[in-house]
Amino acid sequence: MSEIETPYRYDALCAGEIESRWQSRWLADQAFRAPNPGDPGFSIAKPKYYILDMFPYPSGAGLHVGHPEGYTATDIVSRYKTMRGFNVLHPMGWDAFGLPAEQYAVQTGVHPAVTTRAAIDNFRRQLQRLGFAYDWSREFGTIDPEYYRWTQSIWLRAYHAYYDSVQQRARPIAQLEELIAKENRMISIDGVEIPWVSCTPMQRQAHLDTHRLAYLGFQTVNWCPALGTVLANEEIIDGRSERGGHAVFRMPLRQWMFRITAYAQRLLDDLALVEWPDSTRAMQAGWIGRSEGAEVRFAIEGFGALAVFTTRPDTLFGATYMVVAPEHPLVEWVQARDATRQDLRDYVTWSRNRSDIDRQAESRVKTGVSLGVVARNPATGESIPVWTADYVLMAYGTGAIMAVPAHDERDFAFAKTFNLPIRDVVSASDGSEWTGEVATSEPGIACNSRNDQVAIDGLPTNEATAKMIKWLGASGFGAHRVQFRLRDWLFSRQRYWGEPFPVVFDDRGMHFPVAESSLPVRLPALDDYAPVQSDHPTPPLGKAIEWVQTTAGEAGVDSNLLAPSTPVRREINTMPGWAGSCWYYLRYCDPKNSTRFVGKEAERYWMGDRGVDLYIGGSEHAVLHLLYARFWHKMLFDLGEVGTPEPFAKLFHQGMITSYAFERVDGSLVPTDQVREVEGGWIEIATGGSVKRVIAKMSKSLKNVVTTDEVVAEFGADTMRLYEMYMGPLADSKPWNTRDIAGVFRFLQRVWRLAIDERSGSVTLAREANADIERRLHRTIHKVAQDIERLAMNTAIAALIEMVNAATRPTQMKDPSDGGLTEDQMRRFLCALSPFAPHIAEELWLRIGAQGSAREASWPAVDPAMLTDDSIEMPVQIQGKIRARVAVPSGADAAEIERIVLSDPKVQELLEGRAPRKAIIVPNRMVNLLV
RNA sequence: AGGCCUGUGGCGGAAUUGGCAGACGCAGCGGACUUAAAAUCCGCAGAGCUCACCCUCAUCCGGGUUCAAGUCCCGGCAGGCCUACCA
């Protein structure tokens, strides 16, 4: 029936037809192509605006409604900025190497190259169906050899660089070599000092290798047998792998590392340069973990000095024992001296085999073994016992601590467990006596802390600390020291689906870089790419025997380094999934460049002074991706490859889109499809028991995942975009409620009806502008602009709805020829609507016969005079309660307002003849009379 | 255990700087149109009361600052996120 009566209604079918038509046209016209400097159509007069979405990882499951939240927001900003006259860069591409793709491939038995391409095609189709204004000519994937060629190239730059700690920046390692040669420095080879000129080439290379920013390090790594790979610290959550939640063990291994620790201070300091959420900066600062204190050396007879790091050198007099990590060299030294120490051997083995989860499960239970050696406390001169315990971590500080049980909870617990002496050296600031029951780590007043050379008794903690550091320096027992929690970044993975390292090994085990001109080192095709489940890391690339076993010439090593016929084997580890996303934003500036990873001019133009202008993505990347990318960027900055110290000027995290689930009385969750809505609530169909609606993450098991394909089919892309933005503040997490979509869908139908007669399809516009409507239109356009600038899309849409409601005439059904807006007004309204619902805006623009297109139009001008009223109704409070409202001319000053208000009969009646003691007048806001 | 964030109608949310709490939407109720329904349009709508109010109470709970507090401060409670033996 309704089809017959209103064949020209804006319904899902109509929306789908309009949207597909415009989408094909935008693609065919390359409508959102951003010209680079030098390209046709480029105008230097336009300011640039670089707006970026976090690199998506296309999964086989495709897009659910959570994915496009951020993309919709960036799309609105990008369309708006274009209308404001900016040259907008808004690109999209694919982060496609890495664990999930490989695991999916192993599961399905289809090669990751195939599944990944299929996932990308599906993602692209789904994004294009939402009408996003991406410059698709800049699209690339991390798996494209033309892309990872440059990922390898940047890695090589780090390989060929070292960190100059004096200049505090990265420099080419060739310069370090020159410097060492010039000064003929002494080089320590196996504990012997040899002058540089006397070193063999191999010794020289080995020495330089210890300085590279990308270096091969032998250290304890996080080994995850279930995933068949090692993981970075950042990839471990609660002692389990971030992906899959598998157990992780520590094991020493030779792996490629990045010297990110050299950048710790700058990564911390430069957080002040960026406009990022405070929480994200706090998380990064926390991860970098700067602490200030002292290094103190304790003498152990026969062994030498045992160095510790402490933030509380003021408690040195209270150090009654020491503890080293089970992996500490001192433990080996003790074992080497005394082979009968079976208890020690057992403890070391036991603690090594314990996964991090085990350690955390029995979190505060202290275990350990005495080493049977003593160290000399430099402050007291006492001999104190040295223990080993796994509560001391090899990876932090020096892997050894001085234990001050009176003032450290962990040391206190350990001392109580093993009956070690406890000495109070800090009394509470309020002068109260120490109870001896618990450790007190708060600052206080030093006590029991004096010797022949130094006394800090009576000093507050900060002064005591400073004095002790001074004494340590003077006496040669230690020095001031800054310690970071951040550790070097483990960059090798024992996986197939990743970028190969451009490096080979000769039969002596020395490594040699592949020459820049021989890149990319292509990932070999491999039929059996499954990870090898074993107790030892076994990279699958090892199976590509013909690829691995090659010659220096074949691999592309510079013939000055190795003769071309030298047999070499390739590195068989691959880079982690993070590699490609560390610099993709730079490649977008100049994606087709075949001579550089990004052209200098393109990089200077798009990155400008501060980098990407707006970067939107999830807060789950607050530490990992954002820290890694900043690190790569700073290396490139130091080496003169990019012009900004930071990559992302402004960062914003969209919230998570959640869904509803249902909870039984006992708290267990019921899948959505097993629940029925009844009067006043919901019941579980199977049992009839009543259940409560709760907010939950979208998950397959709860059957509450909503896909973009479903929503687009039912309502169209414009409605989908509008609802995503209308749900609530962009930063908040908010539940998807399919029922609510109808509201914004009805809004678009009203917009349509404002211009198109549903029965005839003819255009309906007002002949004359209504003054009130005109006023409202100016205000709407003004508010929408302001709201987009602050990413408050929800209130911008509310303003658009109000506008349409005001313009919709009750008479419309009766007299379709009388529209609510004139053509000129409609055109301006469509401009404001266009960033949010671009398809319907373009379509109506065309139908009302406006020139050009909605997306290319300039943002409509707002007349400031239209934003204020002649008269304002001001609330009048008496004793702080609103008792009356009085009309006051806008712009009236306080004295005039007071006069008008006091002469108002209503106010006089309420005052009952009393004269106000005081009148508080806030022009345009309110009046408060106190009597 | 510590750090950070959030808490407003039946629901999602608004209130940009301390200044009319609840914009806008969903769900609900009433009306117009219709034989009827759908759709559409108009209206009502925090709670209470002596139901039109200009009354009383209301922004998780308890205090405080202020002429004025959802907003600022202190102390709780609840939920979320992060970190978690980092010396």
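We use all heavy atoms of the structure for the numbers below, so side chains are in, but hydrogens, waters and symmetry mates are not. Since we're looking at a predicted model, the values are computed, not measured.
You'll find that the side chain of A/Tyr391 is closest to B/C85, out of B/C85, B/C26, B/A87. Of the listed nucleotides (B/A87, B/A39, B/C24), B/C24 has the atom at the smallest distance from the side chain of A/Glu802. The side chain of A/Ser291 has B/A87 as its nearest neighbour among B/C41, B/A87, B/U83. Distances from the side chain of A/Ser279 to the nucleotides B/C4, B/U83, B/A27 place B/C4 closest.
With rounding to whole Å, A/Phe715 atom CZ is found 12 Å from B/C26 atom C1'. For A/Glu620 and B/C5, the CD to P distance is 20 Å, given to the nearest whole Å. To the nearest angstrom, C1' of B/C82 lies 13 Å from CE of A/Met656. Atom pair A/Asp757:CG and B/U40:C1' shows a separation of 13 Å (rounding to whole Å applied). In this structure, CG of A/Asn805 is placed 10 Å from C1' of B/G25, rounded to the nearest angstrom. Regarding A/Arg746, its CZ atom lies at a distance of 10 Å from the P atom of B/G25, rounded to whole Å. Between the CD1 atom of A/Ile657 and the P atom of B/G80 there is a distance of 20 Å, given to the nearest Å. Rounded to a whole Å, the CG atom of A/Asp278 is 17 Å from the P atom of B/G3.
Each of A/Gly397 and A/Pro875 was assigned the nucleotide of RNA chain B with the nearest heavy atom; the assignment lying further toward the 5' end belongs to A/Pro875.
For B/A78 and B/A84, the C1' atoms lie 23 Å apart once the distance is rounded to whole Å. Taking atom P on both B/C53 and B/G22, the two are 14 Å apart, rounded to the nearest angstrom. For B/C60 and B/U8, the P atoms lie 6 Å apart once the distance is rounded to whole Å. One C1' atom belongs to B/G19, the other to B/C24, and the distance between them is 22 Å to the nearest Å. If you take atom C1' in B/C81 and the same atom in B/C11, they sit 24 Å apart, rounded to whole Å. Between the P atoms of B/U16 and B/C72, the separation comes to 12 Å (whole Å).
Summarising the base pairing, B/C29 is matched to B/G43 through a Watson-Crick or G-U wobble pair whose two defining distances lie under 3.5 Å. Pairing for B/U83 is with B/A1, a Watson-Crick or G-U wobble pair whose two hydrogen-bonding atom distances lie under 3.5 Å. Base pairing of B/A78: its partner is B/U6, meeting the Watson-Crick or G-U wobble criterion (both donor-acceptor distances under 3.5 Å).
Nearest heavy-atom pair across A/Met402 and A/Ala319 is CB-CB, 4.0 Å.
Using modelled atom types and a 3.5 Å distance limit, the side chains of A/Asp411 and A/Tyr391 yield a donor-acceptor pair. For the 3.5 Å distance criterion, the side chains of A/Arg290 and A/Gln265 qualify, holding a donor opposite an acceptor. No hydrogens or angles considered: nothing links the side chains of A/Thr388 and A/Tyr347 as a donor-acceptor pair under 3.5 Å.
Annotation: side chain to side chain contact (heavy atoms under 4.5 Å, CB included) contacts of A/Leu13 (sequence neighbours excluded): A/Asp11. Residues satisfying the salt bridge (charged side-chain N to carboxylate O under 4.0 Å, His left out) criterion with A/Arg917, sequence neighbours excluded, are absent altogether. Here A/Arg925 pairs with A/Val922 under the side chain to side chain contact (heavy atoms under 4.5 Å, CB included) rule; sequence neighbours left out. Residues passing the ring pair (Phe, Tyr, Trp, His ring centres under 6.0 Å) test with A/Phe745 are A/Phe715, sequence neighbours excluded. Among residues two or more places apart in sequence or in another chain, the salt bridge (charged side-chain N to carboxylate O under 4.0 Å, His left out) test is passed with A/Arg297 by A/Glu295. A/Thr868 pairs by the side chain to side chain contact (heavy atoms under 4.5 Å, CB included) definition with nothing, not counting sequence neighbours. For A/Ala415, the side chain to side chain contact (heavy atoms under 4.5 Å, CB included) partners at least two apart in sequence or on another chain are A/Tyr321, A/Pro405, A/Leu420, A/Ile422.
In this structure, A/Arg739 reaches the sugar-phosphate backbone alone: every heavy-atom distance under 4.0 Å involves primed, P, OP1 or OP2 atoms, never a base. Residue-level contact check: A/Gln483 touches neither bases nor backbone, having no heavy atom under 4.0 Å from any strand. Contact annotation for A/Ser619: no contact, since no heavy-atom pair falls under 4.0 Å across all strands.
Under a cutoff of 6.0 Å and an axis angle of 45°, A/Arg9 and A/Trp752 do not form a cation-pi pair.
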Identify all pairs in which a protein N or O lies below 3.5 Å from an N or O of nucleotides 67-74 of chain B, and state each distance.
unit_1, atom_1, unit_2, atom_2, d
B/C67, O2', A/Asn928, ND2, 3.2
B/C67, O2, A/Asn928, ND2, 2.6

Pull out every protein N or O sitting under 3.5 Å from an N or O of nucleotides 43-49 of chain B, one pair per line with the distance.
none

Atom pairs, protein N/O to nucleotides 54-60 of chain B N/O, distance under 3.5 Å:
unit_1, atom_1, unit_2, atom_2, d
B/C54, O2, A/Lys906, NZ, 2.5
B/C54, N3, A/Lys906, NZ, 3.3
B/C55, OP1, A/Arg883, NH1, 2.5

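Separation of the A/Phe652 and A/Trp276 ring centroids does not fall under the 6.0 Å cut-off.
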Check against salt bridge (Lys or Arg N to Asp or Glu O under 4.0 Å), A/Asp314 and A/Arg312 = CA-CA 5 Å; A/Asp314 63 305; A/Arg312 293 292 300 273; 2.9 Å; yes

Report the C-alpha distance between A/Asp787 and A/Thr795 in whole Å, list the side-chain angles of each, state the deciding distance to 0.1 Å, and finish with yes or no for side chain to side chain donor-acceptor pair (under 3.5 Å).
-> CA-CA 7 Å; A/Asp787 285 354; A/Thr795 51; 2.9 Å; yes

Could you walk me through whether A/Glu69 and A/Lys734 pass the salt bridge (Lys or Arg N to Asp or Glu O under 4.0 Å) check?
-> CA-CA 11 Å; A/Glu69 189 192 8; A/Lys734 41 209 174 269; 2.6 Å; yes

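Exactly one residue among A/Thr672, A/Asn737, A/Asn704 makes a side-chain contact (heavy atoms from CB on, under 4.5 Å) with A/Tyr660. That residue is A/Asn737.
Shown here, B/G64 is classed anti by the O4'-C1'-N9-C4 or O4'-C1'-N1-C2 angle, which is more than 90° from 0. Base orientation of B/C11: anti, the glycosidic angle falling outside 90° of 0.
For the segment residues 306-314 of chain A, residues with any heavy atom less than 4.0 angstrom from an atom of RNA chain B are, sorted by number, A/Phe309, A/Thr310, A/Thr311.
Between atom CD of residue A/Gln786 and atom CD1 of residue A/Ile781 there is a gap of 13.0 Å, rounded to the nearest 0.5 Å.
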When you check every protein heavy atom under 4.0 Å of nucleotides 9-16 of chain B, what one-letter string (B, S, -) results, 5' to 3'?
-> --SBSSSB

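Aromatic ring orientation, A/His621 versus A/His625: perpendicular (interplanar angle above 60°, classes split at 30° and 60°).
When the side-chain nitrogen and oxygen atoms of A/Arg485 are compared with OP1 and OP2 of B/A87, none of them lie within a distance under 4.0 Å.
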